[in-house]
Amino acid sequence: GSVLCWGRNSDGQLGVGDTSHRSTPTLVQGLTEVAHLALGGYHSCAANETGLFCWGWNSDGQLGTGDNTNRRTPVAVPGFTTVKKLALGGVHSCATNAEDTLHCWGDNYYGQLGVGNTTNLNTPTEVAISGVKELVLGGYHSCALNEDDELYCFGHNSFGQLGLGDNTNCLTPTPVAMSSVAKFDLGQEHTCVLDDNGSIFCFGYNYQGQLGLGDTTDRNTPTLVISN
């Protein structure tokens, strides 16, 4: 399908060739038969059968174009001819290719790219986790589900949002102590997981009660919210 965007456009994140805000849906030129679409803080990406395209803010290389120049229209990301999963965080991006291999790029201050260091990357870089079938990025943390339904998380962990039992940032994909994960999602600084039994677990930042546990205490391990 086609892509239409609207809203704030200060960094070209609408992909319409300028930086004027839009209050109505506006067609993004040059994108057809789009199968995947994801939005970050101030950048956007889409994929079709010909490859991966990104546009908008590029301060930390989150567009994957090999530089740090903002783009006002979609630009091809080198190295991707097939995209199976696509997700954008606040200032970073990740995607899987035809072999279900995970690649990430952009801001890496907290290790959210999962490549073992905290160096920003402006080109897609392979992450040491195989068989990725689901992928979600938060503000500054990332999680991926492999073909065995095992959840791995990495990046910012000051509030326990990686669910690893501590509050230490993690630079590589690390397994979360949960089995049979069916679905999961990430917020800015918290994470929730649905298991195969239909129960929901949440962890991370809880100052406004976003974990749904009846209090405002952070959790650094998966904590039961709803039991099925």
Side-chain angles (χ1 to χ4, degrees), residues 35-36 38 40 45 47 51-52 54 60-64 77-158 160-196 201-204 220-222:
H36 303 281
C45 294
L52 176 62
C54 293
D60 297 281
Q62 58 265 43
L63 301 187
V77 178
F80 276 95
T81 55
T82 299
V83 173
K84 294 183 72 172
K85 297 294 178 181
L86 173 65
L88 273 58
V91 199
H92 70 299
S93 310
C94 295
T96 61
N97 61 15
E99 291 75 38
D100 298 321
T101 301
L102 178 63
H103 291 74
C104 294
W105 60 96
D107 178 38
N108 196 30
Y109 185 83
Y110 299 102
Q112 61 263 46
L113 302 187
V115 295
N117 58 49
T118 56
T119 302
N120 295 347
L121 299 170
N122 59 24
T123 57
T125 302
E126 186 172 340
V127 182
I129 178 175
S130 60
V132 172
K133 68 176 189 178
E134 295 293 343
L135 172 66
V136 182
L137 306 188
Y140 301 98
H141 69 300
S142 313
C143 294
L145 188 70
N146 70 10
E147 55 195 4
D148 295 320
D149 294 333
E150 297 168 333
L151 184 64
Y152 288 76
C153 293
F154 44 100
H156 192 211
N157 196 33
S158 293
Q161 59 264 47
L162 301 186
L164 304 176
D166 58 39
N167 292 61
T168 303
N169 297 340
C170 195
L171 308 184
T172 57
T174 303
V176 180
M178 287 197 66
S179 59
S180 302
V181 173
K183 298 287 184 180
F184 63 102
D185 207 352
L186 278 59
Q188 180 75 10
E189 294 166 333
H190 73 296
T191 306
C192 289
V193 178
L194 174 72
D195 70 12
D196 282 345
F201 299 79
C202 292
F203 40 99
N220 60 22
T221 57

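Note: hydrogens, waters and symmetry copies are ignored here, and every other heavy atom, side chains too, is used. Since the model is a prediction, treat every value here as computed from it, not as a measurement.
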Would Leu113 and Thr125 count as a side-chain contact (heavy atoms from CB on, under 4.5 Å) here? Give the steps.
CA-CA 8 Å; Leu113 302 187; Thr125 302; over 6 Å; no
N/O donor-acceptor pairs under 3.5 Å from side chains in residues 176-192, not counting sequence neighbours:
unit_1: Thr191; atom_1: OG1; unit_2: His141; atom_2: NE2; d: 2.9
unit_1: Thr191; atom_1: OG1; unit_2: Gln161; atom_2: O; d: 2.8

Residue set satisfying side chain to side chain donor-acceptor pair (under 3.5 Å) with Asp60, at least two apart, ordered chain then number -> Asn120
Residues pairing under disulfide (SG to SG under 2.5 Å) where one sits in residues 116-150, two or more places apart or in two chains, turn out to be Cys143-Cys153
For Asp166, the salt bridge (charged side-chain N to carboxylate O under 4.0 Å, His left out) test, sequence neighbours excluded, returns none
Residues pairing under salt bridge (charged side-chain N to carboxylate O under 4.0 Å, His left out) where one sits in residues 131-143, two or more places apart or in two chains, turn out to be Lys85-Glu134, Lys133-Asp149
So side-chain hydrogen bond (donor to acceptor under 3.5 Å, both in side chains) across residues 110-119, not counting sequence neighbours, yields Asp107-Gln112, Asn108-Asn117
Across all chains, not counting sequence neighbours, the side chain to side chain contact (heavy atoms under 4.5 Å, CB included) partners of Glu147 are none
When rounded to the nearest 0.5 Å, the distance separating OH of Tyr140 from CG of Asn157 is 15.5 Å
Sorted by chain and number, sequence neighbours left out, side chain to side chain contact (heavy atoms under 4.5 Å, CB included) with Asn220 holds for Asn167
Original post:
Can any side-chain N or O of Thr172 pair as donor or acceptor with the backbone N or O of Gly116 at less than 3.5 Å?
Top reply: no
Applying side chain to side chain donor-acceptor pair (under 3.5 Å) to Ser158 and not counting sequence neighbours gives His156
| message | Quick one, Leu135 and Leu102 - any side-chain contact, counting heavy atoms below 4.5 Å? | response | yes
In short, salt bridge (charged side-chain N to carboxylate O under 4.0 Å, His left out) pairs touching residues 91-101 with sequence neighbours left out are Lys84-Asp100
